[in-house]
2 protein chains.
Amino acid sequence: MSGEDNLLKLVEVEAPDDQDYLLQEQVGFILRKAHQRHVAIFAAHIGDLTPPQFAALAKLRDVGETSQNQLGTLIAMDAATVKGVIDRLKARGLVELSKHEVDKRRLLVNLTAEGRDAIERLIPLAREITQETLAPLSAKEIATFMKLLVKLA
Amino acid sequence: MSGEDNLLKLVEVEAPDDQDYLLQEQVGFILRKAHQRHVAIFAAHIGDLTPPQFAALAKLRDVGETSQNQLGTLIAMDAATVKGVIDRLKARGLVELSKHEVDKRRLLVNLTAEGRDAIERLIPLAREITQETLAPLSAKEIATFMKLLVKLA
DNA sequence: TTGATATCATTTGCATACGAATGAATTTTC
DNA sequence: GAAAATTCATTCGTATGCAAATGATATCAA
């Protein structure tokens, strides 16, 4: 290899040509695909509820009654998005809304009896969804992946 | 620790109580958050184009003229979604559409000169987006994470 | 106490994302 | 070669997801 070749290679490593940009190798693109795959697995196990709807119910089960905004923070949804999710859960009788006695701005959300039954019934399925999503990885790989994914999220 | 305690613990490991289900530890939930973070980073760097729109342009740059459906396959979008994305790129003059001479079902998509300029100009920014998305990880962690993420997607 | 800020919720507008149904054109199969 | 199955594209309906604007209420600070 000539000295000129070495120089070229060095330059290339430091400032890769635009030709080298491969969409299918970018984190964002693969992250989107991984998420898509998970949502598909979720839908196959739980057909009548979306992941965000499930997240809202599961979190309400954890924390009990909260304001709509607070719930949104807990499940990583902005105010506009969480409103739609809660509206649909309310329409199905899975959550109920009430006004905060003191702070009149707040809209309190809570599970109904039916909503509580639903989430308890669904949690075993949610476990299977998590398992199936992680199925391509070994136990050790799962531990590694989850650790790094948390760092990234 | 009594024998009874051991038995209880064993049972718990094999069939964890529903109490143990923590939303914030599930792959799907964290995957959604990681994706959200990436999209936010993308928007901060490239304000006038969404990740799916960028993906369409980047892929057209790679493969040249293709059918709308084929492009959808390449960037992991179903037919309905890709149509909307291409429509908006067309409205902005970044892609142009034409009919396939032989197979009259197909709608061919290609970059315009303006679209080609745009994607060439944006690729360096896309590199920064990838970098910033992966910034919480070390070089070694990035390699590990990407390998596992590919397996999962 | 009041004026400035901040918070909570809602609404609008735009952009994915996908299932399901439809129609047109092509390919396969018998 | 005609019927059956497939493929390509479009449309409709529903559900996130987020920015920006708005209104109501609370909180903070001068």
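Below, chains carry the letters A, B, ... as their sequence lines are ordered, and counting in each starts from 1.
Nearest-nucleotide assignment on DNA chain C puts the 5′-proximal partner with A/Asp87, out of B/Ala76 and A/Asp87. Remark on DNA chain D: of its neighbouring residues A/Lys104 and A/Pro52, the 5'-side contact belongs to A/Pro52, judged by nearest-heavy-atom nucleotide. If B/Val85 and A/Asn69 are placed on DNA chain C by their nearest nucleotide, the residue sitting closer to the 5' end is A/Asn69.
Looking at heavy atoms from C-beta onward, B/Thr130 lies out of side-chain contact with B/Thr133 at the 4.5 angstrom threshold.
Rounded to whole Å, atom C1' of C/dT10 lies 14 Å from atom NZ of A/Lys99. Between B/His100 atom NE2 and C/dA24 atom C1' the separation is 16 Å, expressed in whole Å. B/His38 has its NE2 atom 15 Å from the C1' atom of D/dG17, to the nearest Å. For the pair A/Gln53 CD and D/dT14 P, the interatomic distance rounds to 13 Å; values are reported in whole Å. Distance, B/Asp48 CG to C/dA15 C1': 14 Å, rounded to whole Å. B/Lys90 places its NZ atom 15 Å from the C1' atom of D/dA9, with the value rounded to the nearest Å. Atoms CE (B/Met77) and P (D/dA9) sit 15 Å apart, rounded to a whole Å. Between B/Leu97 atom CG and D/dT10 atom P there is a gap of 8 Å when expressed in whole angstrom units.
Closest approach of A/Glu96 to A/Leu111, counting heavy atoms only: OE2-O, 4.0 Å.
For A/Arg88, the listed nucleotide lying nearest its side chain is D/dA15; candidates were C/dT16, D/dA15, C/dA25. When distances run from any side-chain atom of B/Asp103 to the nucleotides D/dT25, C/dT26, D/dA9, the shortest one goes to C/dT26. For B/Arg105, counting side-chain heavy atoms from C-beta on, the closest listed nucleotide (D/dT6, C/dA15, D/dT10) is D/dT6. Between D/dT10, D/dT16, C/dA9, one nucleotide has an atom nearer to the side chain of B/Lys83 than all others, and that is D/dT10. Nearest to the side-chain atoms of B/Ala79 among the listed nucleotides D/dT10, D/dT25, C/dA17 stands D/dT10. The side chain of B/Ala80 approaches D/dC12 more closely than any other nucleotide in the set C/dT12, C/dA25, D/dC12.
Looking at heavy-atom distances under 4.0 Å, B/Asp78 makes contact with a base. Backbone-only engagement by A/Val102 is indicated by non-hydrogen atom pairs under 4.0 Å involving sugar-phosphate atoms exclusively.
Checking the phosphate oxygens (OP1, OP2) of D/dT16, no side-chain nitrogen or oxygen of B/Arg32 falls inside 4.0 Å. Contact annotation: A/Gln70 side-chain N/O to C/dT7 OP1/OP2 distance is not under 4.0 Å. In this structure, B/Thr50 reaches the C/dT16 phosphate: one of its side-chain N or O atoms is under 4.0 Å from OP1 or OP2. For the pair A/Gln36 and C/dT16, the criterion of a side-chain N or O lying under 4.0 Å from OP1 or OP2 is not met.
No salt bridge links B/Asp117 with B/Arg121; every basic N to acidic carboxylate O contact stays at or beyond 4.0 Å.
Of the candidates A/Leu71, A/Ile86, A/Val85, A/Val95 forms a side chain to side chain contact (heavy atoms under 4.5 Å, CB included) with just one, namely A/Ile86.
Ring planes of A/Tyr21 and B/Phe54: perpendicular class, angle over 60° (limits at 30 and 60°).
Listed by first and then second residue, the salt bridge (charged side-chain N to carboxylate O under 4.0 Å, His left out) pairs involving residues 28-57 of chain A are A/Asp48-A/Arg92 (not counting sequence neighbours).
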